[in-house]
Amino acid sequence: MSDCCSAPGLLPFEQALSNMLDQVSPVTETLCLPITEALNYVLSENITSPLNVPPHDNSAMDGYAFSLASLNSNKTLSLIGRSMAGAPFQGECKLGECIRIMTGAKMPNCCDSVEMQENVAVDGDDITFLKEKALGSHVRKAGEDIQQGQKVLTQGHKLTPVDIGVLASLGIASVQVYRKLTVALIATGDELKMPGQALLSGDIYESNSFVLAAMLEKLHVEVIDFGIIEDDFEAIKSAFISADKQADAVISSGGVSVGDADYTKTVLDDLGEIGFWKIAMKPGKPFAFGKLPNSVFFGLPGNPVSALVTFHQLALVALSKMQNSQGLNRTVLQVKCSTELRKSPGRMDFQRGVLSINEAGESVVSSTGAQGSGILSSLAQANCFIVLPSEQGKVPAGELVTVQLFDQYL
Ligand code: AMP
Ligand code: MG
């Protein structure tokens, strides 16, 4: 694996992403789960409908079912029976006759239309139809939602709450899905303390693993949190060995720069096949990716915004591939920028922005302000990334820019 720190210049973002995706493989193990436990799992099979939904023609209204041809000669029909939801009319009806029918009840074979009860006059068993009707009025046709044999969900689809309902409506009680990934999280840094602990001089609170664990939960993976590991070669090495034994992916934050306490590179040179990349992205630059004996490794920068953005833009995409998921489908728009954006050419920027509708009804984006890689609050205020290409310089207010809306993970 190439060491891109030694290569001249920075690795373009797209190349880093595609290099990484080339090197991760989707899991192959599957399991069968009842639909009540399958939410957020990735389907390992295509689902085709075993039946028509609805399974039979039925009434969309409480009213009267009849054959439209009956009304050609006489607007008054004789009531000869009832069809209720779950208790269909069993007999035969002829021209000149009608059936009392309730919403969802099966259409009698001899009827093709329904009139709502508000539009008839009832005199004993004589039902007079007061309005002109069209053939098929108020009838829900068998299969109008889903047809038997139709492909409903495809392999690689991550099951949503609505999908679970669709599966139930097809009478499918269990599905074949890919197993969950296990991801180990390691925060490195002598200065880090857990929330709840007292800070000593020079300490800060550890936040990266909290953000990452929450995002990984949304991705639907098992998280093993190794907590804070001190900046010490042996401590980091033993955490990485233990994480590698248990997880499909190991994610660390911090220690990927070239400072005196940055041991990630030396440990990983010892254990696996690791590429240290300087990616032409901002925030983010230092990022490590590679393979440990049993797992893939993502080494995120320590700065909270850099850690989060590299995780979101790079690691999450790779983990999604490893899950067999069809993709993250991020929404990208071109909108006018209402503020000037500071930028120097050379790196692709993921600036934090707020997308809104201005008084003229146009979609516009503005910067959240200071864009430092330690300013986590800039991400908390934002609802999108303003994605500026590497070669782009300063952006004057009023220019069109590309915006990537925050997805469910942020
Ligand atoms: P490093 O990449 O280890 O040099 O860290 C860069 C910056 O990020 C330093 O200011 C660290 O204190 C900070 N940092 C590193 N890890 C974390 C973490 N887990 N949570 C919050 N800040 C961190
Ligand atoms: Mg550090």
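Not measured: the values here are computed from a predicted model.
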Evaluate the criterion side-chain hydrogen bond (donor to acceptor under 3.5 Å, both in side chains) for residue pair Tyr205 and Glu191; output intermediate values, then yes/no. CA-CA 8 Å; Tyr205 284 118; Glu191 74 282 29; over 6 Å; no
Assess whether side chain to side chain contact (heavy atoms under 4.5 Å, CB included) is satisfied between Leu31 and Gln176, documenting all intermediate values. CA-CA 6 Å; Leu31 62 159; Gln176 219 40 54; 5.5 Å; no
Test side chain to side chain contact (heavy atoms under 4.5 Å, CB included) applied to Leu185 and Leu216, step by step: CA-CA 10 Å; Leu185 282 181; Leu216 287 165; 3.9 Å; yes
Carefully, step by step, assess Thr264 and Phe297 under the rule side chain to side chain contact (heavy atoms under 4.5 Å, CB included). CA-CA 11 Å; Thr264 310; Phe297 175 79; 3.8 Å; yes
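Cation-pi geometry between Arg82 and Phe89 is not met: the NZ or CZ atom fails to fall both under 6.0 Å from the ring centre and inside 45° of the normal.
Here Asp231 contributes atom CG and Ile236 contributes atom CD1; the two are 5.5 Å apart, rounded to the nearest 0.5 Å. Atom-to-atom distance recorded for Leu316:CG and Asp407:CG is 7.0 Å, nearest 0.5 angstrom. Distance check, rounded to the nearest 0.5 Å: CE of Met20 to CD of Gln15 gives 12.5 Å. Rounded to the nearest 0.5 angstrom, Asn383 CG and Leu410 CG are separated by 10.5 Å.
Nearest approach of Ser70 to Leu77, heavy atoms of both residues: CB-CD2, 3.7 Å. For the residue pair Pro293 and Leu271, the shortest heavy atom distance occurs at CD-O, 3.6 Å. Contact between Leu17 and Gln313 at its shortest, heavy atoms only, is CD1-O, 3.8 Å. Pairing each heavy atom of Asn208 with each of Pro304, the nearest pair is OD1-CA, 3.3 Å. Of all non-hydrogen atoms in Pro50 and Leu170, the two that sit nearest each other are CG-O, 3.5 Å. Shortest non-hydrogen contact noted between Ile386 and Ser366 is CD1-O, 4.2 Å.
Between Glu399 and Lys336 there is no salt bridge, since none of the side-chain N atoms of the basic residue sits less than 4.0 Å from a carboxylate O of the acidic one. Using a cut-off of 4.0 Å between Lys/Arg side-chain N and Asp/Glu carboxylate O, Lys282 and Asp349 are scored as not salt-bridged. Here Asp248 pairs with Arg179 in a salt bridge; the nearest charged N to carboxylate O distance falls below 4.0 Å. A salt bridge links Glu115 with Lys133; the closest basic N to acidic carboxylate O contact falls under 4.0 Å.
Not a single donor-acceptor pair under 3.5 Å links the side chain of Ser242 to the backbone N or O of Ala239. The backbone N or O of Gln155 sits less than 3.5 Å from a side-chain atom of Asn46, completing a donor-acceptor pair. Asn303 places no side-chain N or O within 3.5 Å of a backbone atom of Val305 that could act as its donor or acceptor partner. A donor-acceptor pair is defined here as one N or O able to donate and one able to accept, closer than 3.5 Å; such a pair exists between the side chain of Asp112 and the backbone of Leu68. Between the side chain of Asn52 and the backbone N or O of Gln148, at least one donor-acceptor pair lies under 3.5 Å. Checking side-chain atoms of Gln351 against main-chain N and O of Arg342 turns up a donor-acceptor pair under 3.5 Å. In terms of modelled atom types and a separation under 3.5 Å, the side chain of Lys193 and the main chain of Glu206 share no donor-acceptor contact. Judged purely by atom type and a 3.5 angstrom limit, Ser390 uses its side chain to pair as donor or acceptor with the backbone of Gly346.
Neither side chain, Thr266 nor Asp269, offers a donor N or O lying under 3.5 Å from an acceptor on the other. Side-chain contact, Asp244 with Ser295: a donor N or O sits under 3.5 Å from an acceptor N or O. With 3.5 Å as the limit, one finds a donor-acceptor pair spanning the side chains of Gln326 and Thr154. With 3.5 Å as the limit, one finds no donor-acceptor pair spanning the side chains of Ser18 and Glu14. For the residue pair Arg352/Thr368, the side-chain donor-acceptor check at 3.5 Å is not satisfied. Checked by atom type, the side-chain pair Arg100/Gln117 shows a donor-acceptor distance below 3.5 Å. A donor-acceptor contact closer than 3.5 angstrom is absent between the side chains of Glu97 and Ser78.
Annotation: side chain of Gln323 is in contact with side chain of Val221 (closest heavy-atom distance under 4.5 Å). Two residues are said to be in side-chain contact when any heavy atoms from C-beta on lie closer than 4.5 Å; Leu300 and Val256 fail this criterion. Looking at Val395 and Leu388, their side chains come closer than 4.5 Å, going by heavy atoms from C-beta outward. Residues Val139 and Lys141 meet the side-chain proximity criterion, which asks for heavy atoms closer than 4.5 Å. A heavy-atom distance below 4.5 Å is found between the side chains of Thr103 and Arg140. Counting only heavy atoms from C-beta outward, the side chains of Lys291 and Ile274 never approach each other to under 4.5 Å. The side-chain heavy atoms of Phe311 and Val317, taken from C-beta on, include no pair separated by under 4.5 Å. When side chains are defined from C-beta on, Met281 does not count as touching Arg347, because their heavy atoms never get closer than 4.5 Å.
For Arg330, the CZ atom sits in a packed shell: over 12 heavy atoms of surrounding residues, nucleotides or ligands are nearer than 6.0 Å. The environment of CD in Glu132 is sparse: at most 12 heavy-atom neighbours from other residues, nucleotides or ligands sit within 6.0 Å. Within 6.0 Å of atom CD in Gln381, more than 12 heavy atoms from other residues, nucleotides or ligands are found, so the atom counts as buried in its surroundings. The 12-atom threshold is not exceeded at CD of Glu217, counting heavy atoms of other residues, nucleotides or ligands nearer than 6.0 Å. By the neighbour-count criterion of 12 heavy atoms within 6.0 Å, atom CG of Asp270 is densely surrounded, having more than that number from other residues, nucleotides or ligands. With a 6.0 Å radius and a threshold of 12 heavy atoms from other residues, nucleotides or ligands, Lys106 has its NZ atom at or below the threshold.
Under the 30°/60° scheme for interplanar angles, the aromatic rings of Phe298 and Phe287 are found to be tilted. In this pair, Tyr41 and His220 present their aromatic rings perpendicular. The plane angle is above 60°, beyond the 30 to 60° band.
For Tyr409, there are no ring pair (Phe, Tyr, Trp, His ring centres under 6.0 Å) partners two or more places apart in sequence or in a different chain. Contacts of Cys337 classified as side-chain contact (heavy atoms from CB on, under 4.5 Å), with partners at least two apart in sequence or in another chain: Thr339, Leu341, Val365, Val401.
For the pairing with Leu159, the side chain to side chain contact (heavy atoms under 4.5 Å, CB included) check across Leu167, Asn40, Ile35 returns one residue only, Leu167.
Residues His312 and Phe406 place their aromatic rings such that the two centres sit no closer than 6.0 Å.
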